[in-house]
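Some notes on the structure that comes next.
Just so you know, these numbers use all the heavy atoms, side chains as well, and skip hydrogens, waters and symmetry mates. Numbers restart at 1 for each chain; the letters A, B, ... are given by sequence-line order, proteins then strands.
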Amino acid sequence: MNVFERFRGHVVAVIDGLAEDGAVPREMDLARVAVEPPRDPNHGDMTTNAAMVLAGQAAMKPKALARVLAERICQLDDVADASVAGPGFVNLRLEDSFWRARLAEILRSGPAYGDSFIGGGEPVNVEFVSANPTGPLHVGHSRGAVIGDALAALLEKTGYKVTREYYVNDAGAQVDKLADAAYWRYLEALGDKVSQTVIESFLQGNDLEYRGDYLVPVGARLAERDGPKWVEAARDEWLPEVRAFVVEEMMGLIRRDLDALGIRFDVFTSERAIVAEGKVDEALRFLEARDLIYTGVLDPPKGKKPDDWEPRPQTLFRASAFGDDVDRPLRKSDGAWTYFATDIAYHLDKVLRGYQTMINVWGADHGGYVKRMQAAVKALTEGQGALDVKLCQMVSLYENGEPVAMSKRAGAFVATADVVERVGKDVVRFIMLTRRNDAPLDFDFAKVTERTRDNPVFYVQYAHARVRSLFRLGAEMFGAGGLDADALATAALNRLTDADEVGLIKALAGWPRLVEGAAEAHEPHRVAYYLQAVAAQFHALWNKGKDDANLRFLVEEDPELSRARLALAQGVATVIASGLRIFGVTPVEEMR
RNA sequence: GCGCCCGUAGCUCAGUCGGAUAGAGCACCAGAUUCCUAAUCUGGGGGUCGCAGGUUCAAAUCCUGCCGGGCGCGCCA
């Protein structure tokens, strides 16, 4: 439980006590009572709005109620002072000893510090990346990959049972086109065994979309495995084989990219398998039984009527009954299921596997698809379940301020693997998490690797490295004994008396609350901003030691004080490591 | 035309289920520093939170309308 929740409990107890004494009514609704950090630290360590939100129920003026509350809150353990401020806030200042005890707690917990149980073991399905298996991942994909993975880690840390899932879109027309291209490369790979005229006639009959070199080795491997057996075969014959082969190969490429990013999935679900196992029919029967499917004619989109539009009866899902703007088609004119229909089946499959809470991470170009999918999930879970969709905006690459051309049409997209190779997994992951998912992100190769304060990766990593370097020096000065975290938890922490030292502990003690807030909001980027703030505070304290030798972390003639300060430094490293672990970023021992 | 997202300092962006005098980095200005506890530090100026209404004890935050930008818009995935 975070420290603010703990004090909220104390404040509630105070209110109950007042009710016992008849000073306020019993049975007040306390749901809106909050204990939070004040925006301005000058207001104290914690603040509560209790008097303001209860004034009506208590039939008292906010300030009068605040005074009564403050008087009793003052008597609580660990509270140094409680005062009324503004329109009726009660501000609490806590004893330094309380904060020092939090530091000991951090050291004993280690990287588990900030773990929470708010999830209560609830299963959550996080579906992300889900890039079509038609080629390697490009940088845009890596943003969704990192956000999904970090969000999953954040939820795990707060007590949810998380499944990381990848939906393999291996059933649409795109993979057929991919198979065509692979077949072309296969013919080429057979060399002398195939005449040029065969290849050319194949090329003439096909407008190949996927001409990238990455299919060359795929064609070669297929030729090696199957020999010339498909050369004379009709497309109907080779297509299923070639398609399965190339999809497997592409998923191999994608897994390799994901590996490079340090991302592992628990489940890969195949769209083709969903269809083959009859799950679409199952899902539609489910909806049909609830009268949510009918045949009807949709109006054309207002103000933008497609040229070939004509009224046509379609099989429709009543999405508009669940918040969507219009009902949505489930069947194409050739009778095949729409992508939406199979996606409904896929999400019913998730529900049947036990998920009521689902999160999907998509590219921003899928924005128009969100409402209908949420409508479907509501229908499939009888209103009990929820689908949150995180839309990721574009990543723009820069080379020292100059935009890197990466139009997909020109085939000049930048591969995730290339970016990772150039700046490293840790930099890619951290930078991708320094913006909200719904804000565009600029990624400048020069800036993300420069060693200055305005590079957040460097600044946070540097703080961790500085702590490690302190410990190397400390071990030289005082010997390595007694410098492990458990031992430091028993150091003379009451020697930490400087306001900035205690202030740093307060920042560290805010970690569990931040984690919970970020997890509940599904916003991993908050962790990045928090880590930057902690790093900044630590660096500032360190710099004070340059002006005033008494404030240096290691004071040779005072081992007791040095040990206390090493404990503080270790607390910083612990919290940073705990945060970086959520990000999948390795904390560094030194900067080289 | 409709829907979704966004609009906060010169720039890039944070802003906690509504909370007090709206924050950070860069840039700018002024001081300090040449140190190895490394790849500067300290302080300062700078805001009608796109605009206009509304709800509330309290609005950058919630609601409505407008303005501006991005994405999408019956059978694609």
Side-chain angles (χ1 to χ4, degrees), chain A residues 4 32 34 36-40 42-43 47 49 52-53 55-56 61-63 85-89 91 130 132 134 169 171-175 271 297-306 308-312 314 316 324-340 342-343 363-371 389 391 393-394 434-442 447 450-456 458-459 462 465-466 469-470 473 510 513-514 516-518 520-521 523 525-526 528-530 532-533 536 539-540 542-547 549 552-554 590-591:
Chain A
F4 298 91
R32 291 176 60 218
E36 303 169 313
R39 189 171 279 179
D40 182 346
N42 291 324
H43 292 138
T47 186
N49 61 355
M52 289 179 293
V53 298
K61 288 189 171 167
K63 282 196 150 183
F89 291 102
N91 293 333
S130 298
N132 288 344
T134 52
N169 296 133
Q174 290 304 313
V175 286
E271 180 187 0
V297 180
L298 288 175
D299 293 330
K302 291 194 175 80
K304 186 192 178 265
K305 192 169 170 176
D308 60 346
W309 195 90
E310 58 185 43
R312 184 185 300 123
Q314 289 176 296
L316 299 170
D324 200 358
D325 308 310
V326 291
D327 296 334
R328 302 293 181 175
L330 299 170
R331 237 185 237 286
K332 304 184 208 172
S333 51
D334 67 0
W337 301 119
T338 59
Y339 184 79
F340 181 47
T342 49
D343 222 358
D365 55 341
H366 290 66
Y369 195 70
V370 173
K371 275 191 181 178
V389 178
L391 294 179
Q393 286 290 340
M394 290 251 292
T434 53
R435 290 282 177 268
R436 289 202 329 261
N437 58 285
D438 50 11
L441 174 76
D442 290 344
K447 283 191 174 160
E450 79 187 2
R451 302 183 157 205
T452 62
R453 174 168 193 166
D454 59 322
N455 178 1
F458 167 77
Y459 205 57
Y462 185 28
R466 250 184 176 166
S469 121
L470 263 184
L473 284 166
R513 182 176 190 271
L514 183 114
E516 290 176 356
E520 284 181 330
E523 290 186 352
H525 75 275
R526 289 189 195 180
Y529 282 89
Y530 170 81
Q532 284 179 76
H539 288 308
W542 175 287
N543 288 322
K544 278 179 82 174
K546 288 185 173 177
D547 296 333
R552 290 158 79 107
F553 276 82
L554 299 174
E590 58 183 344
M591 310 294 289

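In terms of the salt bridge (charged side-chain N to carboxylate O under 4.0 Å, His left out) criterion, A/Lys447 has no residue partners (sequence neighbours excluded). The salt bridge (charged side-chain N to carboxylate O under 4.0 Å, His left out) search around A/Glu590 returns A/Arg592, not counting sequence neighbours. Scored by the ring pair (Phe, Tyr, Trp, His ring centres under 6.0 Å) test, A/Tyr530 finds A/Trp511 as partners (sequence neighbours excluded). For A/Lys61, there are no salt bridge (charged side-chain N to carboxylate O under 4.0 Å, His left out) partners at least two apart in sequence or on another chain.
Distances shown here put a side-chain N or O of A/Arg466 below 4.0 Å from the OP1 or OP2 atom of B/A39. Side-chain nitrogen and oxygen atoms of A/Lys332 include at least one within less than 4.0 Å of the OP1 or OP2 phosphate oxygen of B/C76. For the pair A/Lys371 and B/G3, the criterion of a side-chain N or O lying under 4.0 Å from OP1 or OP2 is not met. Between B/C75 and A/Trp337, no contact under 4.0 Å exists linking OP1 or OP2 to a side-chain N or O.
Side chain of A/Leu298, nearest nucleotide from B/A77, B/G74, B/A39: B/G74. Nearest nucleotide to the A/Glu590 side chain, out of B/A38, B/C71, B/C41: B/A38. With B/U40, B/G25, B/A77 as the choices, the nucleotide that has an atom nearest any side-chain atom of A/Arg453 turns out to be B/G25. In this structure, of B/C76, B/A38, B/A77, it is B/A38 that holds the atom nearest to the side chain of A/Trp542. In this structure, the nucleotide among B/G25, B/A38, B/A77 sitting nearest to the side chain of A/Asp454 is B/G25.
Side-chain N or O atoms of A/Tyr459 include none that pairs as donor or acceptor with a backbone N or O of A/Thr452 at under 3.5 Å. Judged by distance alone, with hydrogens and angles left aside, the side-chain atoms of A/Thr47 form no donor-acceptor pair with the main-chain N or O of A/Pro38 at under 3.5 Å.
Distance check on atom C1': B/A58 versus B/G18 gives 8 Å, rounded to whole Å. Using P as the reference atom, B/C13 and B/G50 are 15 Å apart when rounded to the nearest Å. A distance of about 35 Å separates the C1' atoms of B/G10 and B/U55, rounded to the whole Å. Of the P atoms belonging to B/A59 and B/U16, the separation is 16 Å, rounded to the nearest Å. Comparing B/A52 with B/G44, their P atoms sit 31 Å apart, to the nearest whole Å. Taking atom P on both B/A20 and B/C4, the two are 29 Å apart, rounded to the nearest angstrom.
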If pairs are Watson-Crick or G-U with both distances under 3.5 Å, what is the dot-bracket string of RNA chain B, marking crossing pairs with [ ] and pairs to another strand with |?
-> (((((((..((((.....[...)))).(((((.......))))).....(((((..]....))))))))))))....
Taking N or O atoms only and anything under 3.5 Å, show me the protein contacts with nucleotides 10-21 of chain B, one pair per line.
| unit_1 | atom_1 | unit_2 | atom_2 | d |
| --- | --- | --- | --- | --- |
| B/U12 | O2' | A/Arg435 | NH2 | 2.9 |
| B/C13 | O2' | A/Arg435 | NH1 | 3.3 |
| B/C13 | O2' | A/Tyr529 | OH | 2.5 |
| B/A14 | OP1 | A/Arg436 | N | 3.3 |
| B/A14 | OP2 | A/Arg436 | NH1 | 3.3 |
| B/G15 | OP1 | A/His525 | NE2 | 3.0 |
| B/U16 | O2 | A/Arg513 | NH1 | 2.6 |
| B/A20 | OP2 | A/Arg39 | NE | 3.4 |
| B/A20 | OP2 | A/Arg39 | NH1 | 3.3 |
| B/A20 | N6 | A/Thr47 | OG1 | 2.8 |
| B/A20 | N6 | A/Asn91 | OD1 | 2.7 |
| B/A20 | N1 | A/Asn91 | OD1 | 3.3 |
| B/A20 | N1 | A/Asn91 | ND2 | 2.9 |

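Contact annotation for A/Glu310: base contact, defined as any heavy-atom pair under 4.0 Å involving a base atom. Contact annotation for A/Lys544: no contact, since no heavy-atom pair falls under 4.0 Å across all strands. Within the 4.0 angstrom heavy-atom criterion, only backbone atoms of the sugar-phosphate kind lie near A/Gly172; the bases stay farther away. As judged by a 4.0 angstrom heavy-atom cut-off over every strand, A/Leu554 is placed among the base-contacting residues.
Looking at A/Asp334 and A/Lys332, no side-chain N of the basic residue comes within less than 4.0 Å of a carboxylate O on the acidic one, giving no salt bridge.
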